[in-house]
Engineer: 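To start, I am sharing the structure in question, which I have written as structure tokens.
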Amino acid sequence: MEPSPSAPLPFAVADFQKALLTWYREHQRPLPWRSQPSLYKTVVSEFMLQQTQVKTMLPYYARWLEAFPDFHQLASASEAKVLKHWEGLGYYSRARNLHALARRWVALPEPPTDAAGWMDLPGVGPYTAAAVVSMAFGRPVACVDGNVVRILSRLTANATLFRDSASAAKALSTEADALLSRASPGDHNQAMMELGATVCHRQSPLCLTCPVRPFCQAARRGDPESFPRLAPKKMEKRSVVRAWCLESGRLLLHRAPAKAKRLANQHELPTFEHLGLAPPVAAATVEPLAVRKRGITRYAITESIHRLAPPRRLDLAALDLVWVDVDQLDTITLSGPHKRWIAEVLELLKAE
DNA sequence: AAACCGGGGGG
DNA sequence: CCCCCAGGTTT
């Protein structure tokens, strides 16, 4: 999409910046990467925040910094250990990318200090590059995440119907740049996102306490929730039948190959396809051990878990299957939902 | 229970 | 440019 010619913002940019920064310096949340900041802390926190809210990633962040205090310790850790520390956070490619980034970083004669240089590193796109170079190197590059999209579209009461938040981010990047404080780009970027996270909520925004309300067209009109306008998304329903094979205290699990597109090196309960079996006709009529639902991106997935006698003559290696002692589940990496579900089913069986 | 959020990568 | 990734929170 063509970057729209920067429509002049309907207020004095310097006044906006001052109001925003004054508010941020007083009201920012005390987050662990903000006290004694470092490049490494900034990178780790931004990776964890890529698809996850602050509250969720906070405990992971603390454990991560204890296990991997800097780029060198992270680079020399095994991938298994890295994934283990990410377990439960989801979207595991972020962990592999961060690990790969650390290994590239320690080998670099001179680590990059500009956005283009960071975008060459694994797992770093426009958003993360802007965040890192503005916060760590004071570079004037505006971050545009979902929070910023919300704030910008409300400030100007922008009624454009965007395809999705990614295209909105692209379209609004010109304005984000026009608004950016050249003197404090790192604080400015953090202040915008902090404002979006704590005041300019998607629903019921706290306009009465907003430091930039005098600049906001949507607040003036009284309908901030009308912005941004995003095209509705379609959810697709899917269902999966999983096998629960428990024998002699060992559970049969599927481990996605290292090159798998999804859940590489992660364990989950095997589907019947994983076992080389057609989903049983019985699955439709026999009561499953458990039924769980999960929503991922645009999919609404229903997973039913059926007890299955261990099939004979399984070629474990060829099918990426492993037997894991139920007392040893902590030593492997399970996907977050399956980790919970397995614990729940074990509890269920104990009660029988 | 359904709807929503949301960066990066790869084709 | 479009689709996928395989998770949590909110309502």
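Below, chains carry the letters A, B, ... as their sequence lines are ordered, and counting in each starts from 1. All values below come from the heavy atoms of this structure, side chains included, with hydrogens, waters and symmetry mates left out. Since the structure is predicted, the reported quantities are computational estimates derived from the model, not experimental observations.
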Engineer: Which is it for A:Glu87 and A:Leu334 under the side-chain contact (heavy atoms from CB on, under 4.5 Å) test, yes or no, and what are the steps along the way?
Structural biologist: CA-CA 7 Å; A:Glu87 183 183 83; A:Leu334 286 159; 4.1 Å; yes

Engineer: Please work out whether the ring planes of A:Trp341 and A:His338 are parallel, tilted or perpendicular, with thresholds of 30° and 60°.
Structural biologist: tilted

Engineer: Within residues 330-346 of chain A, which residues have any heavy atom lying less than 4.0 Å from an atom of DNA chain C?
Structural biologist: A:Pro337, A:Arg340

Engineer: Mind checking who C:dT11 pairs with, Watson-Crick or G-U wobble, both distances under 3.5 Å?
Structural biologist: B:dA1

Engineer: Between C1' on B:dG7 and CD on A:Gln50, what's the gap in Å once rounded to a whole number?
Structural biologist: 6 Å

Engineer: Send over the distance from A:Leu121 CG to B:dG8 C1', rounded to a whole Å.
Structural biologist: 13 Å

Engineer: Which part of the nucleic acid does A:Tyr91 contact within heavy-atom distance under 4.0 Å: base, sugar-phosphate only, or nothing?
Structural biologist: base

Engineer: Grab the N/O contacts between the protein and nucleotides 1-4 of chain B below 3.5 Å, and write none if there aren't any.
Structural biologist:
| unit_1 | atom_1 | unit_2 | atom_2 | d |
| --- | --- | --- | --- | --- |
| B:dC4 | O3' | A:Arg202 | NH1 | 3.4 |

Engineer: Indicate, with a heavy-atom threshold strictly under 4.0 Å, whether A:Leu49 touches base, sugar-phosphate, or nothing.
Structural biologist: nothing

Engineer: Within this structure, what is the CZ-to-P distance between A:Arg292 and C:dG8, rounded to whole angstrom?
Structural biologist: 14 Å

Engineer: Under 4.0 Å, counting only non-hydrogen atoms across every strand here, what does A:Thr52 touch: a base, just sugar-phosphate, or nothing?
Structural biologist: nothing

Engineer: Regarding A:Ser184 and A:Asp187, do their side chains bring together a donor and an acceptor under 3.5 Å, going by distance alone?
Structural biologist: no

Engineer: Just so I know, are the side chains of A:Gln28 and A:Gln190 near enough to count as touching, which here means a heavy-atom distance under 4.5 Å?
Structural biologist: no

Engineer: Could you give me the CA-CA distance, side-chain angles and deciding distance for A:Glu268 and A:Arg294, then say whether salt bridge (charged side-chain N to carboxylate O under 4.0 Å, His left out) is met?
Structural biologist: CA-CA 14 Å; A:Glu268 292 201 325; A:Arg294 65 205 289 200; 3.7 Å; yes

Engineer: Would you mind classifying the nucleic acid contact of A:Asp164 as base, sugar-phosphate or nothing, using non-hydrogen atoms under 4.0 angstrom?
Structural biologist: nothing

Engineer: Does the pair A:Arg182/A:Asp177 count as a salt bridge with the N-to-O cut at 4.0 Å?
Structural biologist: yes

Engineer: Base, sugar-phosphate, or nothing for A:Gln51, non-hydrogen atoms under 4.0 angstrom?
Structural biologist: base

Engineer: Write down the distance between CD (A:Glu87) and C1' (C:dG7), rounded to a whole number of angstrom.
Structural biologist: 14 Å

Engineer: Once you apply a heavy-atom cut-off of 4.0 Å, does A:Arg94 come out as touching a base, just sugar-phosphate, or nothing?
Structural biologist: nothing

Engineer: Would you call A:Arg63-A:Glu66 a salt bridge at under 4.0 Å N-O?
Structural biologist: no

Engineer: Round to the nearest Å and state the distance from A:Met57 atom CE to B:dG6 atom P.
Structural biologist: 15 Å

Engineer: Over 60° means perpendicular and under 30° means parallel, so tell me whether A:Phe11 and A:Phe16 are parallel, tilted or perpendicular.
Structural biologist: parallel

Engineer: Which word best sums up how the rings of A:Trp118 and A:Phe137 line up, parallel for under 30°, tilted for 30 to 60°, or perpendicular for over 60°?
Structural biologist: tilted

Engineer: Once you round it to whole Å, what is the distance between P of B:dC5 and NE2 of A:His201?
Structural biologist: 14 Å

Engineer: Please classify the nucleic acid contact of A:Gln266 as base, sugar-phosphate, or nothing, using heavy-atom distances under 4.0 Å.
Structural biologist: nothing

Engineer: Starting at CD of A:Glu225 and ending at P of C:dT10, how long is that distance when rounded to a whole Å?
Structural biologist: 16 Å

Engineer: Grab the OH-C1' distance between A:Tyr92 and B:dG9 for me, whole Å please.
Structural biologist: 19 Å

Engineer: For A:Arg255, is there any backbone N or O sitting under 3.5 Å from a side-chain donor or acceptor partner on A:His267?
Structural biologist: no

